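What follows is a single structure, written as structure tokens, with notes after it.
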Amino acid sequence: MHDLGLAAWFGGSLFGAVGLNGASAAVSAPGDRTKVASVGWARWAPVNAAAIGVHAIGGIALIAGNKGRVAAQKGTRGNTIVKGALTLVAMGVTAYSGTQGARLGKESPTPAESGVEPNAATSDEAASAQKQLKLLQWSIPVLTGILLVLGAQQGEQQKPSEQKKGLLTPLGL
């Protein structure tokens with residue numbers, strides 16, 4: 001659950017930034033570009049929320065199932081704390097991105113270069129949301145990509161040889 005949810009969260013956000021927002025620039029009518037991007041993101045939002053929920057539930061279950069090892073094995077607690085904090089940051093950024101997307105959706109259709117690029121005819125409200133979304137669209141895949149790396153590191157920490165080293169080192173053995 002943990003890995004599947006994170007994979008969907010990462011992959012969906014990366015596709016949205018590269019594919020959906022990028023493709024919105026190719027829509028021939030400038031007034032429909034924000035609408036296409038907003039509708040696409042709105043369709044993804046429930047799936048993304050489910051993915052984040054599945055990731056969180058899986059993460060809590062992993063921590064509960066490995067609580068003794070997390071407490072005793074060198075390096076595991078630090079990774080878990082960093083990963084937990086970063087997950088909360090990524091959730092917050094994702095939620096804020098959703099509010100900005102909804103804000104843009106209320107202004108759509110409005111003329112623009114793309115879903116995240118205003119033009120001279122874009123309303124001020126839509127342009128403000130687009131400027132924030134332009135940064136946020138890359139922040140989410142970066143944050144979730146780091147979570148993937150930390151998860152891989154945790155997988156390595158579960159190897160018997162790493163557990164032995166991690167559990168004996170704090171004892172000075």
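Note that these values count all heavy atoms, side chains included, but never hydrogens, waters or copies made by symmetry. None of these values were measured; they are calculated from a predicted model.
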query: Out of curiosity, does Val93 fall in the hydrophobic cluster containing Leu88 (side-chain heavy atoms, cut-off under 4.5 Å, transitive links)?
result: yes
query: Leu143 and Leu14: same hydrophobic cluster, using ILVMFWY side-chain contacts below 4.5 Å?
result: yes
message: Looking at Ser114, is its backbone amide N or carbonyl O close enough to the side chain of Gln130 to form a donor-acceptor pair, meaning the two atoms are under 3.5 Å apart?
response: yes
- request: Give every residue pair that meets the salt bridge (Lys or Arg N to Asp or Glu O under 4.0 Å) criterion with at least one member in residues 124-153, sequence neighbours excluded.
  value: Arg103-Glu125, Glu117-Lys134
- line: Taken to the nearest 0.5 Å, the spacing of Asn21 CG from Phe15 CZ works out to 9.5 Å
- prompt: What pair of heavy atoms forms the shortest contact from Thr110 to Ala126, and how long is it?
  reply: CG2-CB, 3.7 Å
query: When hydrophobic residues are tied together by side-chain contacts of less than 4.5 Å, even through go-betweens, does Val82 share a cluster with Val70?
result: no
message: Run Gln154 and Leu150 through side-chain contact (heavy atoms from CB on, under 4.5 Å) and show every step you take.
response: CA-CA 6 Å; Gln154 284 179 329; Leu150 291 172; 5.8 Å; no
Which atom pairs, donor and acceptor, lie under 3.5 Å between side-chain atoms of residues 49-68 and protein residues at least two apart or in another chain?
residue, atom, partner, partner atom, Å
His55, ND1, His2, O, 2.9
Asn66, ND2, Leu62, O, 2.9

- prompt: Out of curiosity, does Leu147 fall in the hydrophobic cluster containing Met1 (side-chain heavy atoms, cut-off under 4.5 Å, transitive links)?
  reply: no
query: If you round to the nearest 0.5 Å, how far is OG1 of Thr80 from CZ of Arg69?
result: 7.5 Å
- line: For Pro118 and Glu113, the nearest pair of non-hydrogen atoms, with its separation, is O-CG, 3.6 Å
message: Can you tell me how far apart CD (Gln137) and CG (Leu20) are? Round to the nearest 0.5 Å.
response: 9.5 Å
query: Quick one: side-chain hydrogen bond (donor to acceptor under 3.5 Å, both in side chains) pairs with a partner in residues 139-149, sequence neighbours left out?
result: none
message: So which atom in Leu86 and which in Ile146 form the shortest heavy-atom distance, rounded to 0.1 Å?
response: CD2-CG2, 3.3 Å
query: Tell me, which pairs form a side-chain hydrogen bond (donor to acceptor under 3.5 Å, both in side chains) where one or both residues lie in residues 25-39, sequence neighbours left out?
result: Thr34-Ser108
- prompt: Do you know the tightest heavy-atom contact between Ala112 and Thr122?
  reply: CA-OG1, 3.6 Å
- request: Calculate, to the nearest 0.5 Å, the distance between atoms CG and NZ belonging to Leu148 and Lys83 respectively.
  value: 8.5 Å
task: Provide the full list of salt bridge (Lys or Arg N to Asp or Glu O under 4.0 Å) pairs with a residue in residues 21-31, sequence neighbours left out, each pair given once.
output: none
task: Could you pull out the closest heavy-atom pair between Leu104 and Gly115, with the gap in Å?
output: CD2-O, 3.3 Å
Asn48 side, atom CG; Trp41 side, atom CH2 - distance, nearest 0.5 Å: 7.5 Å
- prompt: Which side-chain hydrogen bond (donor to acceptor under 3.5 Å, both in side chains) pairs, counting each pair once, include a residue from residues 4-15, with sequence neighbours left out?
  reply: Trp9-Thr94
- prompt: Same cluster or not: are Trp138 and Met91 linked, directly or through other Ile, Leu, Val, Met, Phe, Trp or Tyr residues, by side-chain heavy atoms under 4.5 angstrom apart?
  reply: yes
Atom pair OH/CG of Tyr96 and Leu133 - distance to nearest 0.5 Å: 8.5 Å
